[in-house]
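See structure below.
Values reported hereafter were calculated over all heavy atoms of this structure, with side chains retained and with hydrogens, waters and symmetry mates removed.
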Amino acid sequence: MERYVVIDLETTGNAPGKEDKIIEAGLVIIENNTIIDSYSTLLNPGKEIPLFITNLTGISDKDVEDAPLFEERADEITRLFEDSYLIAHNVPFDLGFLNTELENCGRNKLTTPILDTVELARILFPRSPSFKLSQLSEYLKLQHNEPHRALSDAYVTAKLFLRLKEKLESLPYETIEQLLKIEKTLKSDVYQLLHSRQQALLFSSEDISGIETYRGLAYRQTEPQSDQVRTLDLSFGEYLDHIYEENGAMEKQINNYEKRIGQREMSETIFDAFQSHQHAFIEAETGTGKSLAYLIPTIYEAIKDQKRIVISTFTTQLQSQLLEEELPMVNKLVNFPLHATLLKGKSHYISLEKLEHELRDSQQDNYDIALTKAIILVWLTETVTGDIDEIQLPSSGYLFFRRISADTEENVDPTSPWFARSYYQKARKRAQRADIVITNHALLCTDMFNEYQLLPSYDKAIIDEAHHLEDTASRHYGLKLDYIHMQYMLNQLGKTEDNKLLTNLINTYQINHDQLPLEKWDYIIEEAKYETDDLFRHLFQYVVGQHKSNKTLSDIGRTQYRFSHEKEHPEKWDAIKEMVNRLLFYLRDLIHGLAVMVHYLEKKEEIERQDKERIQLHTEQLQSYIDRLEELFLVEETSEQVKWIEIEAYGAKNAVYLYSEPTNVAGLLAKDFFASKESIILTSATLTMNQSFQFIQDRLGISADRLITKQIESPFSYKDQVQLMVPNDFPDIKYGNIDEFIYATCESIISLAEITAGRMLVLFTSYDMLKRAHALLKETLDLSSYALIAQGISSGSRARLKKNFQTFNQAILLGTSSFWEGVDIPGEDLSCLMIVRLPFQPPDHPVHEAKSAYLKEQGKNPFMEFSLPNAVIRFKQGFGRLIRSSSDRGIVFVCDARMVKARYGKYFIDSIPPVPLSVDSTQKLMEKAKNWF
């Protein structure tokens with residue numbers, strides 16, 4: 001069958017049946033890989049079209065008042081599908097509506113074979129940033145003239161399908177063969193397409209360039225790295241002149257180049273620190289161009305000394321920006337080849353060996369796992385890194401990926417054929433030969449505190465987004481444990497009839513019951529699962545039952561409870577400890593059983609190495625859980641450590657997360673990191689409070705005698721670009737007026753939205769307050785005029801919510817937590833930034849509470865030396881969201897009067913660039929805002 005009919009429907013809503021109806025149908029017919037015909041009709045739904053749908057599609061009640069009913073066009077539409085595939089972008093939606101309408105008018109449902117372009121795009125274009133039709137058409141450069149009109153959407157879906165078919169017909173034989181094993185579980189009837197490609201390859205000598213194959217897997221070859229030796233004959237001053245000064249490389253390479261004095265100043269400071277073997281704090285305000293400013297001296301130093309330098313960032317967004325944008329730019333500026341690479345932890349890289357083993361496993365996959373395998377098989381023909389962050393998997397696909405990540409490659413034999421094909425080993429090899437290794441704070445800290453070296457040796461490093469280093473180090477010195485991961489591990493062990501490895505050992509080696517009482521294995525597994533579930537359910541109920549004053553909410557809405565409160569209910573806590581001891585007993589029994597298996601494996605050389613590795617990995621995981629349970633529950637908390645529990649209050653009754661962190665990592669960082677390195681440069685837009693680096697210096701433990709500090713001012717004219725406004729008539733929240741405060745906040749959001757035509761980012765300090773504000777805005781805001789987007793409520797990642805915000809002409813984005821930094825919305829897309837509360841951590845937040853108590857023990861003032869500096873740095877991050885270029889302008893509206901009324905308010909004001917400050921009634925501030933715009 002070579003005939004395909006693409007359909008797209010516009011409807012009154014998302015619920016087929018009596019509630020929602022079709023208002024437009026567009027069909028496009030493909031034969032022999034060519035679009036040959038089309039069909040389009042408006043349909044009268046017999047009900048009013050919601051205003052939102054009219055705004056989205058442009059179809060109004062007037063447009064359809066004389067249109068035919070669906071019943072009048074039903075036979076005409078269904079005839080088009082005879083002897084054809086039905087194609088749609090999200091088949092369940094379009095086919096669901098179509099079949100419901102057919103059924104309602106007494107026609108038979110369509111049973112034609114289907115192809116879903118959402119599913120096929122996920123598989124065949126796995127690196128696409130999104131699988132929405134508009135984003136896919138942009139990614140693949142398909143012309144899409146009228147989004148959300150049926151015929152236009154059908155046309156672009158038809159073009160998409162032809163591109164998908166073209167991609168499928170470029171895949172190698174091994175990939176097609178593996179996909180054929182999976183296709184029955186997929187939603188699309190893709191067998192014939194795959195089979196045709198397989199047959200074509202069987203009878204051709206087609207050689208796909210750049211593809212290697214091994215044991216049924218096809219994957220992209222990696223290019224060998226050049227060993228070219230590069231030298232620099234220029235002095236550093238000449239080198240900078242060549243780049244920064246008049247008629248220099250920057251002026252020639254960058255359109256509309258404007259020299260930034262602070263950029264060269266930062267480069268010189270870094271070089272001085274490198275040369276004098278000192279550490280440095282450099283606060284580079286927005287607009288400095290700090291990435292280029294630190295890359296330029298870093299490259300000079302790496303080439304001149306022939307020693308690699310590590311660059312560490314907190315966010316993957318900045319890592320990608322450095323590798324894909326900034327370094328290629330610097331390469332043009334310096335005019336010689338650079339060797340830079342990205343290195344992540346093992347869990348990010350796929351293991352071909354483990355994947356091959358999973359593909360051979362005959363177990364029946366569910367849909368998500370089948371889809372995940374299909375995505376990965378195609379991705380392998382494209383990726384040179386094997387880094388899973390390049391693609392998006394279904395949610396449970398990431399659990400499957402844990403089974404096939406390089407993290408499961410234990411004791412890899414360098415002589416094994418898989419070793420040469422290991423993406424992680426290739427990444428390490430690239431890092432060993434690179435001038436610059438880009439990594440993240442997490443791997444940097446793991447490398448610091450791990451006996452096994454993860455990063456190649458280095459003496460100098462740039463730490464960007466350095467204000468996150470302390471928290472990252474604390475997490476890596478601490479530990480975490482949760483129910484989901486423990487049960488996942490126990491399910492991996494499984495009962496004897498489910499565990500292929502156990503069954504194989506029993507049958508092959510006839511393990512007798514004296515050495516391993518196998519009838520007890522199932523019992524032990526079941527008891528371990530039961531005790532795990534019982535423990536986490538009791539912890540959930542224990543936290544729920546605690547007095548409100550002992551609990552707090554995290555910024556993502558989880559309930560938190562600190563272990564130190566256990567003394568208030570010793571009998572209940574003793575019962576929990578008893579549960580922990582019972583669970584430990586069964587976990588140790590499982591380790592004993594696995595140790596016996598290892599003993600057998602060591603005697604039988606013909607057993608596959610990977611089976612032995614799997615058992616060793618299970619053993620290490622079990623021991624890790626034992627160690628963490630003992631540390632959390634059986635070792636008493638000290639002032640130098642904080643332990644706490646988080647629960648999903650409205651989630652499953654065992655959705656419990658356990659944490660432990662040190663209260664002070666300064667001494668650890670000083671000894672394990674700063675004392676052993678020649679020069680570490682720490683930079684960020686926000687490192688100072690009240691123009692002083694003392695807070696960050698104390699928190700990280702850097703000695704003043706080896707430290708250079710520098711503040712680089714922004715080139716932006718903040719006094720001309722920003723108005724800072726603080727209302728003096730908001731309800732005072734500390735007197736319990738939270739409802740009134742939220743109401744006043746929402747009124748201001750609505751008033752400012754009218755002045756700025758939306759384009760507002762509203763930053764909250766608590767997820768609970770965000771939810772309450774969102775609920776009120778939904779009731780009071782004209783949602784036909786404004787798109788209301790809220791973190792944790794609107795679906796999608798932070799990047800997706802930001803992109804949605806920029807897509808709408810009039811939008812309001814509510815964010816907390818991660819939205820205070822790293823969100824870059826330049827130009828007219830953002831004209832107003834509202835900060836609802838000064839970003840102090842709740843005093844009863846477990847980590848905040850413990851660190852404050854620790855400082856108090858040291859005779860220090862926790863508020864002035866911890867709470868306030870943290871809040872000021874966070875505030876500066878939030879403030880920095882508004883102005884991202886010299887042409888930006890807007891309002892920063894701070895609802896919290898403590899900014900001007902409290903004695904400490906001046907620290908917030910003095911820590912941001914000088915801007916006009918207005919303190920007045922809300923009404924007068926709104927009038928001023930109108931005049932400003």
Side-chain angles (χ1 to χ4, degrees), residues 281 283 466-475 477-478 549-550 552-555 560 562-565 637-644 660-670 674 682 684 686-705 707 709 711 726 732-735 765-766 820 835 837-879 894 896-912:
F281 280 129
E283 183 177 71
H467 56 286
H468 284 294
L469 183 61
E470 182 196 0
D471 287 342
T472 308
S474 294
R475 284 194 293 274
Y477 263 120
S549 61
N550 289 342
T552 185
L553 282 177
S554 75
D555 56 10
Q560 297 173 312
R562 194 174 160 197
F563 274 47
S564 58
H565 295 305
E637 182 181 281
T638 67
S639 62
E640 296 182 353
Q641 182 189 43
V642 56
K643 303 176 191 177
W644 75 99
S660 172
E661 283 184 15
T663 50
N664 185 11
V665 292
L668 299 169
L669 285 170
F674 293 111
L682 301 106
S684 168
T686 55
L687 290 176
T688 65
M689 183 189 80
N690 200 24
Q691 315 307 318
S692 169
F693 289 96
Q694 194 62 49
F695 168 68
I696 194 80
Q697 183 183 337
D698 291 344
R699 298 307 301 172
L700 296 179
I702 302 179
S703 172
D705 60 0
L707 183 63
T709 61
Q711 287 179 273
V726 183
D732 194 330
I733 201 169
K734 73 179 180 181
Y735 296 116
T765 55
S766 92
W820 281 77
I835 293 175
R837 298 283 289 164
L838 294 178
F840 287 100
Q841 280 272 31
D844 52 357
H845 183 284
V847 176
H848 186 281
E849 186 180 58
K851 288 184 176 182
S852 297
Y854 177 82
L855 287 168
K856 203 168 185 178
E857 281 184 13
Q858 311 298 310
K860 298 177 180 179
N861 183 327
F863 180 79
M864 293 302 295
E865 298 196 34
F866 178 62
S867 301
L868 181 60
N870 260 332
V872 168
I873 286 173
R874 191 73 165 156
F875 178 80
K876 288 169 69 177
Q877 284 286 343
F879 180 87
V894 181
D896 194 334
R898 290 178 296 177
M899 180 98 167
V900 290
K901 289 182 179 178
R903 283 183 299 172
Y904 55 75
K906 65 184 182 69
Y907 288 101
F908 291 91
I909 295 169
D910 293 346
S911 291
I912 58 175

**Request:** Report the distance from atom CZ of F866 to atom CD of Q841, rounding to the nearest 0.5 Å.
**Result:** 7.0 Å
**Message:** Which heavy atom of K851 sits nearest to which heavy atom of T663, and what is that distance?
**Reply:** CG-O, 3.4 Å
**Request:** Kindly indicate whether the side chain of E283, heavy atoms from C-beta on, has any atom under 4.5 Å from the side chain of F693.
**Result:** yes
**Residues F879, T686; criterion side-chain contact (heavy atoms from CB on, under 4.5 Å); working and verdict** = CA-CA 10 Å; F879 180 87; T686 55; over 6 Å; no
**Prompt:** Roughly how far, to the nearest 0.5 Å, is the OG1 atom of T472 from the NE2 atom of H467?
**Reply:** 9.5 Å
**Message:** Once side-chain contact (heavy atoms from CB on, under 4.5 Å) is applied, do any residues pair with A473, and if so which ones, sequence neighbours excluded?
**Reply:** C445, F449, V665, L669
**Request:** Any pair with a residue in residues 898-911 that passes side chain to side chain donor-acceptor pair (under 3.5 Å), sequence neighbours left out, goes on the list, sorted by first then second residue, please.
**Result:** D896-R898
**Message:** Return the CD to OG1 distance between Q691 and T709, rounded to the nearest 0.5 Å.
**Reply:** 11.5 Å
**Prompt:** Roughly how far, to the nearest 0.5 Å, is CG of L868 from CZ of F863?
**Reply:** 5.0 Å
**Asked** Rounded to the nearest 0.5 Å, how far apart are NE2 of H468 and CD of Q877?
**Response** 6.0 Å
**Request:** With the side chain counted from C-beta on, respond yes when V847 and D471 share a heavy-atom pair under 4.5 Å apart, and no when they do not.
**Result:** no
**Request:** State, with a plain yes or no, whether a side-chain heavy atom of L700 is found less than 4.5 Å away from one of E470.
**Result:** yes
**Message:** Can you confirm whether T688 sits close enough to F281 that some side-chain heavy atom of one is under 4.5 Å from a side-chain heavy atom of the other?
**Reply:** no
**Item:** F674 vs L682 side-chain heavy atoms within contact, under 4.5 Å
**Value:** yes
**Request:** Working to the nearest 0.5 Å, report the span between OG1 of T638 and OH of Y854.
**Result:** 9.5 Å
**Asked** If you look at every heavy atom in R837 and T765, which pair is closest and at what distance?
**Response** O-CG2, 3.4 Å
**Request:** Over all heavy atoms of both residues, which pair between I835 and G878 is shortest? Give the atoms and the distance, please.
**Result:** CD1-C, 4.5 Å
**Asked** Does the ring centre of F840 sit less than 6.0 Å away from the ring centre of F908?
**Response** yes
**Asked** Does the side chain of S703 come under 3.5 Å of the side chain of D705 through a donor N or O and an acceptor N or O?
**Response** yes
**Exceeds 12 heavy-atom contacts within 6.0 angstrom, atom CD of E857** = yes
**Complete:** Shortest non-hydrogen pair, K876 vs L687, comes out as NZ-N, 4.3 Å
**Message:** Restricting to non-hydrogen atoms, name the atom on N870 and the atom on F695 that form the minimum distance, rounded to 0.1 Å.
**Reply:** OD1-CZ, 3.7 Å
**Prompt:** Tell me, do Y477 and E661 make a side-chain contact under 4.5 Å, heavy atoms counted?
**Reply:** no
**Request:** Determine the minimum heavy-atom distance between P846 and V642, stating which atoms define it.
**Result:** O-CG2, 3.4 Å
